[in-house]
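When a residue number appears, it is its place in the shown sequence, counting from 1. Both backbone and side-chain heavy atoms feed into the values below; hydrogens, waters and symmetry mates do not.
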Amino acid sequence: MPAIVIVGAQWGDEGKGKASDQLGTQVDYVVKFNGGNNAGHTVIVGEESFALHLLPAGILTPGCTAVIGNGVVVDLDVLFEEIAALEARGVDTSRLRISASAHIIPAYNKRLDSANERLLGKRKIGTTGRGIGPTYADKMNRIGIRIQDLFDPSILRQKVEGALHRKNAELVHIHGEEPFDVDDVTNELLSYADRIKPMVINVSATLNKALDDGETVVFEGGQAVMLDIDHGTYPFVTSSATTAAGACTGSGVGPRRIDRVVGVAKAYVTRVGEGPFPTELLDEAGDRLREVGGEYGTTTGRPRRCGWYDAVVARFATRVNSLTDIVLTKLDVLTGIEQIPVCVAYNIDDGRVEDMPENQSDMHHAEPIYEYLPGWDEDISHCREFSELPENAQKYILRLEELSGCRISSIGVGPERSQTIVRYPLMD
């Protein structure tokens, strides 16, 4: 049985939760391998809408084990709030598992995150202020605190003391903030130990054994390729590896075990926060996409920046992730637009560029070169076969497929689980 990686193929918010949730009805494990509660999934099941921030979408599928991998940074307060909210709505969370090596977001990093953004002023990154970046920085600086540290109070206190020696100096002398007390931070973290201990496993060993036993594992990425710390629009990126390769490092499963890589893309493009966005619309067309598409952040509520489909980004996502399939979402949002622009290349310094620019300055100055495709007026929300789509909608899909360099395996025509056209099954 396969190991399938699902990643965002744009700047995030593409509908990965819906894609992984649909696969979750057929799989044994759904694994979150990067990020934290700085992004979210909205999953609609029947008449109910679930907003997930830290938990994998597989938590909503009975019998599926949801796993938080070692590549994730965990806000313990958010984790247990989210568990409680789901259980209050009748969702069974008893199969949730978490890596002993996942890093914890301590309170001091949340305060530092917000303080650092204020200090940057006009040069701010546009982070969510949830402590994600500082926690990943601690991981690389080897002063981070991991889930397993909760079970050794002496070691935990030593690690908190070591981190606060540096953190308090920054808070007090640079930001003018009050320092944190070592005992207060340690005791707060220890208060979660008994609750989380039954969930903790060796994720790498568990997942590799599951694959050996013929079980199916889906790796659910947070954010998206254009926000990857190495390959995205740096420095306006997240702090983790968001590409398919991150699924391996964030879970302890080797690359030869991956069978399929699915990129999720909207039929247009959105992003939040600062940074370059060549097809961004600052007019009525952008407002229309935002309102019709409900483009407001699941986690932050921030209005998303909206633009037309960018095939340069799609080709880049296909290349760096080795995409085998694209799941296209929100095609229905484009209904009623007479002519739909699609960015096929960039104009940079009066030259046509069809590949993603390597130079950051070039990306900031890139101007989209559009191809215009005829739109459609018919309601497509009821369509369940490709042949049921209006002719122009079919042509739009086929042209995007050609421009993106990857087959479009399924098409979202509405927010619910059932509102999907499957052209090629993701699990053969």
TODO: Check whether any side-chain N or O of N187 sits under 3.5 Å from a backbone N or O of D184 as a donor-acceptor pair, and report yes or no.
DONE: no
Task: Cation-pi geometry met for K330 and Y268 (6.0 Å, 45°) - done: no
Task: Test: R305 cationic atom under 6.0 Å from F277 six-membered ring centre, within 45° of axis - done: no
- [ ] Evaluate the criterion side chain to side chain donor-acceptor pair (under 3.5 Å) for residue pair Y346 and D310; output intermediate values, then yes/no.
- [x] CA-CA 10 Å; Y346 298 148; D310 190 329; 2.6 Å; yes
- [ ] Mark yes when over 12 heavy atoms from residues, nucleotides or ligands other than D213 sit less than 6.0 Å from its CG; otherwise mark no.
- [x] yes
TODO: Using a strict cut-off of less than 4.0 Å between a Lys/Arg side-chain nitrogen and an Asp/Glu carboxylate oxygen, indicate whether R290 and D287 qualify as a salt bridge.
DONE: yes
TODO: Taking the side chain as every heavy atom from C-beta outward, state whether I147 and I68 have any atom pair closer than 4.5 Å.
DONE: no
Open item on the list: Donor-acceptor check, side chain of S114 to backbone of R111, threshold 3.5 angstrom: yes or no?
Closed with: no
- [ ] Keeping the roles fixed (side chain from R271, backbone from E274), state whether a donor-acceptor pair exists under 3.5 Å.
- [x] yes
Task: Minimum heavy-atom distance A102-V72, with the two atoms named - done: CB-O, 3.7 Å
Open item on the list: Could you check whether R195 makes a cation-pi contact with F80, meaning its NZ or CZ is under 6.0 Å from the centre of the six-membered ring and within 45° of the ring axis?
Closed with: yes
- [ ] Considering only NZ, NE, NH1 and NH2 on the basic side and carboxylate oxygens on the acidic side, decide whether R423 and E385 come within less than 4.0 Å.
- [x] no
Task: Nearest non-hydrogen partners of A241 and F33, listed with the distance - done: O-CE1, 3.9 Å
Open item on the list: Can you tell whether the side chains of D183 and R157 come within less than 4.0 Å, N to carboxylate O?
Closed with: yes
Open item on the list: Could you check whether any side-chain N or O of R260 sits under 3.5 Å from a backbone N or O of L426, counting only pairs where one atom can act as donor and the other as acceptor?
Closed with: yes
TODO: Might you point out which heavy atoms bring Q148 and S101 nearest each other, and give the distance in Å?
DONE: NE2-OG, 3.4 Å
Task: Basic-acidic side-chain contact under 4.0 Å: D325, R407 - done: yes
Task: E402 bridged to R399 by N-O distance under 4.0 Å - done: yes
Open item on the list: Holding to side-chain contact (heavy atoms from CB on, under 4.5 Å), I want the full list of residues that pass it with T238, two or more places apart in sequence or in another chain.
Closed with: N38, Q223, L227, S240, T242
Open item on the list: Could you go through D152 and S154, starting from their C-alpha distance and side-chain angles, then the distance that decides it, and tell me whether this counts as side chain to side chain donor-acceptor pair (under 3.5 Å)?
Closed with: CA-CA 6 Å; D152 189 329; S154 176; 4.8 Å; no
- [ ] Quick one: which residue pairs count as a side-chain hydrogen bond (donor to acceptor under 3.5 Å, both in side chains) with a foot in residues 83-94, not counting sequence neighbours?
- [x] E48-R89, E87-T93, D92-S94
TODO: Could you pull out the closest heavy-atom pair between E14 and W11, with the gap in Å?
DONE: OE2-N, 3.6 Å
Open item on the list: Could you check whether D75 pairs with R130 (Lys NZ or Arg NE/NH1/NH2 to Asp/Glu carboxylate O, under 4.0 Å)?
Closed with: no
Task: Donor-acceptor contact present, side-chain S404 to main-chain E401, <3.5 Å - done: no
Open item on the list: If you define the side chain from C-beta out and look only at heavy atoms, does anything of L60 sit under 4.5 Å from V91?
Closed with: yes
TODO: Side-chain contact test, heavy atoms from C-beta onward, threshold under 4.5 Å: evaluate it for L331 versus L389 and give yes or no.
DONE: yes
